[in-house]
Protein chains: 2
Amino acid sequence: MKTIKDIAEEAKVSTGTVDRVIHNRPGVSLKTKTKIQKLLKKYNFETNLLASTLASQKKYVIVALIPLHKSKKDYWYEPKKGVKIAFKEIRKYGVEAHCIHFDQFDLNSYKKGLDQILKINPDGVVLAPFFYNTSSKFSKVLDEKNIPYVYINIDLEEQKNLSFIGQDSFNSGYLCGKMMNLCVNETTHLAILLSKKNVDNHRAIEDRVKGFLNYFSQKNTNRVIKKIFFESMEIEQVRKVLTKELIKDNEIKGLFIPSSSAHIVGDFLESIDLTHIRVIGFDAHQNNIDYIKKGIIDFAIDQNPFDQGYVGVKILFEYLLLRKEPNPKYNSPMTIVTKENVDYFNVMSLIEFAT
Amino acid sequence: MKTIKDIAEEAKVSTGTVDRVIHNRPGVSLKTKTKIQKLLKKYNFETNLLASTLASQKKYVIVALIPLHKSKKDYWYEPKKGVKIAFKEIRKYGVEAHCIHFDQFDLNSYKKGLDQILKINPDGVVLAPFFYNTSSKFSKVLDEKNIPYVYINIDLEEQKNLSFIGQDSFNSGYLCGKMMNLCVNETTHLAILLSKKNVDNHRAIEDRVKGFLNYFSQKNTNRVIKKIFFESMEIEQVRKVLTKELIKDNEIKGLFIPSSSAHIVGDFLESIDLTHIRVIGFDAHQNNIDYIKKGIIDFAIDQNPFDQGYVGVKILFEYLLLRKEPNPKYNSPMTIVTKENVDYFNVMSLIEFAT
DNA sequence: CTGAAAGCGCTTACAG
DNA sequence: CTGAAAGCGCTTACAG
């Protein structure tokens with residue numbers, strides 16, 4: 001492997017000049033520039049990242065903005081873990097990393113987070129863009145400041161985000177349709193449980209529902225599928241409304257929860273010892289896992305939230321340090337998690353690499 | 001963050017001496033040693049991996065030994081990819097990496113591979129230990145030479161391997177039992193398709209079958225489950241034997257293939273346009289994916305073979321460079337792959353990180 | 001047992 | 001526009 005020194009000798013220039021053309025810094029005559037570029041190409045020169053970051057004591061600042069998790073059992077615990085591990089890996093390259101949290105149900109707390117980001121004035125941002133309008137405006141601000149940003153979990157259209165990492169909502173709903181269809185008899189009724197409070201992630205939830213319904217309409221089965229609405233997905237709400245609905249229509253044998261709150265439904269079903277109803281939901285965070293293990297939640301579709309955090313940071317880092325262009329979009333997986341594989345579905349995320 | 005120089009100044013010694021105690025090299029008086037150790041602890045000194053590997057032009061040699069893949073569609077294409085990407089990542093730390101292949105059905109070719117390893121005399125080995133006896137003996141040889149080794153995909157008991165990365169066979173078979181039970185009516189018959197040629201991976205296959213059967217015996221359903229044997233899992237064999245068996249017992253509505261050859265069965269079923277038979281197998285390599293997409297293979301349980309290669313190499317690397325002890329065992333996931341999620345099940349493996 | 005010095009491959013002022 | 005030199009934080013012979 002050739003070094004800068006080798007190239008410099010062969011080109012009969014100093015290493016400084018070679019460095020200049022490698023990084024496209026100004027102040028090199030076209031003649032020497034092309035001469036050096038030829039050699040670089042000829043030897044397929046790759047800069048030594050170690051030496052490079054050691055020498056340039058440059059400090060990059062990256063910030064991640066993600067919702068607060070109340071406990072390790074929450075959905076957002078995993079993306080946070082991914083972010084933190086990625087931060088740890090890139091620290092040795094002189095990256096200063098910050099993680100800012102906000103309350104996903106409180107616009108003001110989100111805005112505060114955005115302000116903090118601007119105050120830090122980082123070189124790059126990873127964020128879950130809640131609150132559509134606010135996030136759109138904020139993206140424009142970043143555009144103006146020439147700060148690259150990566151969306152995770154939630155996608156906004158028509159933005160200049162560097163990349164997006166998340167799940168295809170429609171198709172994940174469609175998959176739920178298939179799994180539900182396997183679980184219940186053809187003549188039974190189904191219900192989709194929706195929270196009125198999920199204003200923001202509305203788009204993803206909506207698409208999941210569409211995908212779910214699409215499965216059955218393609219199958220041409222004349223299923224009765226009702227929608228049941230809750231003020232919010234809290235246990236008392238669920239108990240009250242769902243009890244009523246299940247009594248009204250005792251043909252309902254399958255519940256589809258297009259949010260990550262299936263565990264609330266599980267809690268309710270367990271409390272009244274109802275075992276003949278199938279439950280399919282999203283995301284295998286610990287809250288849901290508890291009910292998956294009991295077989296109360298039959299299937300949860302997971303999207304590997306750890307990777308969303310981890311990959312988001314890594315992409316940004318490589319873009320900043322190496323000018324490596326990421327794909328505009330990375331599809332998160334649609335992992336089917338059930339009682340029999342829940343202990344094995346995501347073990348690799350636990351490994352921490354020093355490098 | 002303190003540097004070696006800072007410590008040296010405060011201890012009134014040279015940086016060389018500090019280096020000696022950091023790495024426990026001999027030739028330091030107890031007195032200065034303890035003095036320095038105290039400072040190291042006081043400042044929570046962490047050695048700068050970049051500077052360290054840059055300075056010590058030490059070369060580690062790692063070799064991976066895995067079966068040849070005939071095409072990109074084969075199972076072993078993915079572990080190979082994982083190995084290669086890991087190799088690429090660690091190259092900048094001065095690791096010289098070799099990948100050796102063998103024919104998994106030819107003991108001699110395997111032995112040749114082992115000989116090559118010994119000739120290279122590497123600092124560490126990642127391998128899929130086919131051929132039980134030969135691999136056991138070889139492991140002993142590595143033990144004597146003090147060369148650490150990691151098993152992937154296949155585990156051998158009572159060996160001093162640094163770690164193992166692979167799937168829990170029994171439980172993955174059990175999961176197949178559950179999925180099969182969801183797919184077929186209670187009164188139908190099932191068949192397990194076995195190749196007589198799979199002598200070596202015998203253990204894993206056997207355990208998968210045990211797990212599968214265990215599911216039904218726990219369910220207490222009186223299923224008829226037959227075993228059908230083939231000389232080898234080749235299309236002509238399958239056509240001949242399976243046609244006969246399906247005619248003999250036309251109640252067979254589900255086929256369980258405990259190896260990665262479900263696609264051969266898919267090929268057969270497609271050729272005679274048989275759509276009322278459910279098929280469950282293992283591993284979502286491209287050969288199987290083709291039939292998963294057509295809905296002919298209903299479910300395949302994948303074990304993320306990419307990660308087996310990738311993690312195997314990384315673990316070994318970190319053990320060598322950082323003396324970081326890995327877990328003795330990493331369970332591969334049991335990912336349920338089906339028509340509706342096959343496009344999304346493993347996308348993250350495609351990302352190549354430079355770091 | 002210990003230190004001084006050179007070097008790993010690159011970057012960065014500085015001088016011309 | 002270009003080069004010489006110092007330096008990033010370590011490691012490694014070498015000398016004493």
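Residue numbers begin at 1 in each chain, while the letters A, B, ... track the order of the sequences.
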Chemist: Is there any ring-ring contact (aromatic ring centres under 6.0 Å, His included) pair reaching into residues 141-161 of chain A, and which pairs are they, with sequence neighbours excluded?
Modeler: A/Tyr149-A/Tyr151
Chemist: Using atom NZ of B/Lys5 as one end and atom C1' of D/dC8 as the other, report the distance to the nearest whole Å.
Modeler: 10 Å
Chemist: Tell me, please, which residues at least two apart from A/Lys59 pass side-chain contact (heavy atoms from CB on, under 4.5 Å).
Modeler: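 A/Lys59 satisfies side-chain contact (heavy atoms from CB on, under 4.5 Å) with no residue once adjacent residues are dropped.
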Chemist: Tell me the interatomic distance from A/Leu50, atom CG, to D/dC10, atom C1', rounded to whole angstroms.
Modeler: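 It works out to 11 Å between those atoms.
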Chemist: According to side-chain hydrogen bond (donor to acceptor under 3.5 Å, both in side chains), who are the partners of A/Asp6, at least two apart in sequence or on a separate chain?
Modeler: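 Residues passing side-chain hydrogen bond (donor to acceptor under 3.5 Å, both in side chains) with A/Asp6: A/Thr3.
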Chemist: For B/Phe317 and B/Tyr93, take the angle between the two ring planes, folded into 0 to 90°, and tell me which bin it lands in: parallel under 30, tilted 30 to 60, perpendicular over 60.
Modeler: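 Correct class here is tilted.
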Chemist: B/Ser332 and side-chain contact (heavy atoms from CB on, under 4.5 Å): which partner among B/Ile165, B/Asn304, B/Val311?
Modeler: B/Ile165
Chemist: Hey, does the side chain of B/Thr17 come within less than 4.0 Å of C/dG3's phosphate (OP1/OP2), counting only N and O?
Modeler: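 Checking B/Thr17 against C/dG3: at least one side-chain N or O falls below 4.0 Å of OP1 or OP2.
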Chemist: As a test of reading the structure: which of C/dC10, C/dA4, D/dT12 is closest to the side chain of B/Ser14, going by heavy atoms?
Modeler: C/dA4
Chemist: Between C/dC10, D/dT12, D/dC10, spot the one nearest the side chain of A/Phe45, thanks.
Modeler: C/dC10
Chemist: May I have all residue pairs that pass side-chain hydrogen bond (donor to acceptor under 3.5 Å, both in side chains) and include part of residues 110-121 of chain A, sequence neighbours excluded?
Modeler: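 Sorted pair list: A/Tyr110-A/Ser135.
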Chemist: Could you run down the sub-3.5 Å N/O contacts of the protein with nucleotides 13-16 of chain C?
Modeler:
none

Chemist: Looking at A/Gln167 and A/Pro333, would you say the former's side chain and the latter's main chain have a donor-acceptor pair under 3.5 Å?
Modeler: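 Yes, A/Gln167 side chain to A/Pro333 backbone: donor-acceptor pair under 3.5 Å.
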Chemist: Mind calculating the distance between CG (B/Leu321) and C1' (D/dC10) to the nearest angstrom?
Modeler: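 The answer, rounded to whole Å, is 14 Å.
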Chemist: Quick one: is D/dG9 close enough that its OP1 or OP2 comes under 4.0 Å of any side-chain N or O from A/Gln57?
Modeler: yes
Chemist: Taking only residues two or more places apart in sequence, or in another chain, which ones meet A/Glu144 in a salt bridge (charged side-chain N to carboxylate O under 4.0 Å, His left out)?
Modeler: none
Chemist: Given that B/Lys33 and A/Asn48 both sit by DNA chain C, which one's nearest nucleotide is further toward the 5' end?
Modeler: B/Lys33
Chemist: I want to verify a distance call: between C/dT2, D/dC10, D/dC8, whose nearest atom is closest to the B/Thr32 side chain?
Modeler: C/dT2
Chemist: Between P on C/dG3 and CD on B/Glu9, what's the gap in Å once rounded to a whole number?
Modeler: 13 Å
Chemist: Mind calculating the distance between CG (B/Asp6) and C1' (D/dC8) to the nearest angstrom?
Modeler: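 So the two atoms are 13 Å apart, to the nearest Å.
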Chemist: Both distances under 3.5 Å, Watson-Crick or G-U wobble: on that basis, could you give the dot-bracket string for DNA chain D, with [ ] for crossing pairs and | for other-strand partners?
Modeler: |||.||||||||.|||
Chemist: Tell me every residue that passes ring pair (Phe, Tyr, Trp, His ring centres under 6.0 Å) with A/Tyr77, counting only those two or more places apart in sequence or in another chain.
Modeler: A/His69
Chemist: Can you list the residues that meet the side-chain contact (heavy atoms from CB on, under 4.5 Å) rule with B/Glu9, with sequence neighbours excluded?
Modeler: B/Lys5
Chemist: Write out all pairs satisfying salt bridge (charged side-chain N to carboxylate O under 4.0 Å, His left out) with one or both partners inside residues 43-52 of chain A, taking only residues at least two apart or from two chains.
Modeler: A/Glu46-B/Arg91
Chemist: Can you name the residues that form a ring pair (Phe, Tyr, Trp, His ring centres under 6.0 Å) with B/Phe45, not counting sequence neighbours?
Modeler: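 Once residues adjacent in sequence are excluded, B/Phe45 has no partner under the ring pair (Phe, Tyr, Trp, His ring centres under 6.0 Å) criterion.
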Chemist: Please give, in whole Å, the distance from D/dC10 C1' to B/Ile7 CD1?
Modeler: 13 Å
Chemist: Which one, C/dG3, C/dC10, D/dG9, comes nearest to the side chain of A/Ile4?
Modeler: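 In terms of side-chain proximity for A/Ile4, the closest of C/dG3, C/dC10, D/dG9 is C/dC10.
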Chemist: Whole angstroms only, please: what is the NZ-P distance between B/Lys2 and D/dC10?
Modeler: 12 Å
Chemist: Rounding to an integer number of Å, can you tell me how far B/Leu54 CG sits from C/dG9 C1'?
Modeler: 6 Å
Chemist: Can you list, in residue-number order, the parts of residues 21-31 of chain A that come under 4.0 Å of DNA chain D, counting heavy atoms only?
Modeler: A/Gly27, A/Val28, A/Ser29
